[in-house]
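Report on one structure; see the data block that follows.
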There are 2 protein chains.
Amino acid sequence: MNKQGEKPVSNTERAIAELRRLVFSGELAAGSDHLESELAEMLGMSRTPVREAARTLESQGLLELRARKGVRILSVSPDDMREIYDVLTELESLAAERAAEQGYSANELQDLAAAIADMDHALDQRDLEAWAQADDRFHSELVRLGRNSRVLAITAMLGDQVRRARAVTLFMRPLPIQSNRDHQGVYEAILRGDYTAARNLHRAHRQQARDMILDLLERHRLRQL
Amino acid sequence: MNKQGEKPVSNTERAIAELRRLVFSGELAAGSDHLESELAEMLGMSRTPVREAARTLESQGLLELRARKGVRILSVSPDDMREIYDVLTELESLAAERAAEQGYSANELQDLAAAIADMDHALDQRDLEAWAQADDRFHSELVRLGRNSRVLAITAMLGDQVRRARAVTLFMRPLPIQSNRDHQGVYEAILRGDYTAARNLHRAHRQQARDMILDLLERHRLRQL
DNA sequence: GCGTTTTTTTACGTATACGCTATTATCATG
DNA sequence: CATGATAATAGCGTATACGTAAAAAAACGC
């Protein structure tokens, strides 16, 4: 008899999840190469599911399969960052607009509000890791509220691609005080159904964030993350 | 001795290309299921490269791998169309804006202009297939000029997803006269570097196209394509 | 000692084999 | 005849095997 919530997760799925984790944690460093057989042994399975997982992660832009040279973990250049932030700006602004059109109640927006509250709290504590986590929650919740599964999938994918880079810039940037104010403004616009304001506020917020990050990378001469 | 341009294309790559073709041509109908072994035999290779190809196409949203039920070709609902057109609207508008910022010469925009000319010509001839092809060229060239490889990849992927549906609506819609005028306006805005106009014009163009298509699907009660 | 050719090795791409589970078919029973 | 239990089957998920081409190493000539 199986337990109720038990899902028979395949090795391929486990490989996908585990490889992602290894990439984000830096255990598989950006730019490094790894033999399929090494990864397979590392994950305690054969090459077959590892290769399938790698194919999936390849189309998500996290790594690259190179004949006879194994799997290469992709690094992110400032130019990649600009591309990604540009796309995130557009799609999240769309999400904000659509979210505002839905006529959500304060109750339905409580996760969004909670993320903002957590960010404020984290900022008071000067806990940047906690702030970043709450910021992620704000953005992903915003996208969820926009009700477009493609936008959700794409922003999640691009979020993955910049995760490593953001971990670096997090401690170089000024305290995100303005960022918190922006989020509050977006939240209020969504609550009162002002879709134009929601869109424009979030758009401006994202553009500022992009410029700030790119400026940081430039000044610190960070070419590859 | 190998010929110069000869590329040793792998079976997996061939499978990806061939499966796409079969999906677009309708030989693999939307919503239909296919055993991996059937597809493998059809393509003259073993299941291994077919599965890898299927994994790739799965993350591109063309099909789905279902345990013990084979590969299911995904169909596109009106709601999917709305989602996809919304994303295309945002990302192509961004591309138009960025293209206008590059300061391209008329020479560099000749492919874009050629696509417009071809559309006009096709319209005169009442050749809708040719028009659709030129329209595709316009949109993909516009995205190329926007110089963002993520936008390029995403719009190509979404374009694939709506290809079948568009083949149906093509002969239901009114003659795309306004569409051709819109394209001309976007082209001119890009040429004179008016990025705001380029963005707004293309955005409006895409939104109209979306509304028109969704209206068509609704009126003809087309729930699944 | 250095460049070039030959040999060896390595690691991928793909075919193949097989177990396991979901599904279907068969059959017993009320 | 319907329903549930049991057996048979099918088809995926994954391990394994192997050919091949590229890369590395070794041998060779200059």
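Note that the structure is a prediction, hence the values are computed from the model and not measured. Protein chains get the first letters and strands the later ones, always in sequence-line order, with residue 1 at the start of each.
- Heavy-atom nearest nucleotides on DNA chain C were determined for A:Thr48 and for A:His34, and the one closer to the 5' end corresponds to A:His34.
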Inset, instruction - Quick one: do A:Asp111 and A:Arg137 satisfy salt bridge (charged side-chain N to carboxylate O under 4.0 Å, His left out)? Show the steps, please. - result: CA-CA 8 Å; A:Asp111 285 357; A:Arg137 289 219 325 278; over 6 Å; no
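- In this entry the distance linking CZ of A:Arg68 with C1' of D:dA22 reads 5 Å, nearest Å.
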Legend entry - A:Arg72 vs A:Asp33, salt bridge (charged side-chain N to carboxylate O under 4.0 Å, His left out): CA-CA, chis, key distance, verdict: CA-CA 4 Å; A:Arg72 164 159 297 180; A:Asp33 291 336; 2.8 Å; yes
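- For A:Thr12 and D:dT14, the shortest distance from a side-chain N or O to OP1 or OP2 is below 4.0 Å.
- A straight line from CZ of A:Arg66 to C1' of C:dC12 spans 13 Å, rounded to a whole angstrom.
- Nearest-nucleotide positions on DNA chain D for A:Lys69 and B:Glu36 put B:Glu36 closer to the 5' end.
- Of the N and O atoms on the side chains of B:Ser77 and B:Gln224, not one donor lies less than 3.5 Å from an acceptor on the other residue.
- Nucleotide C:dA11 holds its P atom 15 Å from the CG atom of A:Leu65, rounded to whole Å.
- D:dA15 atom C1' lies 15 Å from atom CD of A:Glu41, rounded to whole Å.
- Between B:Arg51 atom CZ and D:dT14 atom P there is a gap of 7 Å when expressed in whole angstrom units.
- Residue B:Arg47 is the one, among B:Arg47 and A:Arg47, whose nearest nucleotide of DNA chain D lies closer to the 5' end (criterion: closest heavy atom).
- One interatomic measurement links the two molecules: CG of A:Leu35 to C1' of C:dT10, which rounds to 9 Å at whole-angstrom precision.
- Between the CG atom of B:Asn11 and the P atom of D:dG19 there is a distance of 17 Å, rounded to whole Å.
- Protein atom CG of A:Leu39 is 17 Å distant from nucleotide atom C1' of D:dT14, rounded to whole Å.
- For B:Glu13 and B:Ser10, the side-chain atoms include at least one donor-acceptor pair closer than 3.5 Å.
- Applying the 3.5 Å distance criterion, the base of C:dA11 shares no donor-acceptor pair with the side chain of A:Ser37.
- Between A:Val71 and B:Pro49, the one whose closest nucleotide on DNA chain C sits nearer the 5' end is A:Val71.
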Inset, instruction - Evaluate salt bridge (charged side-chain N to carboxylate O under 4.0 Å, His left out) for A:Glu83 paired with B:Arg147, printing each intermediate quantity in order. - result: CA-CA 9 Å; A:Glu83 286 198 6; B:Arg147 295 183 171 278; over 6 Å; no
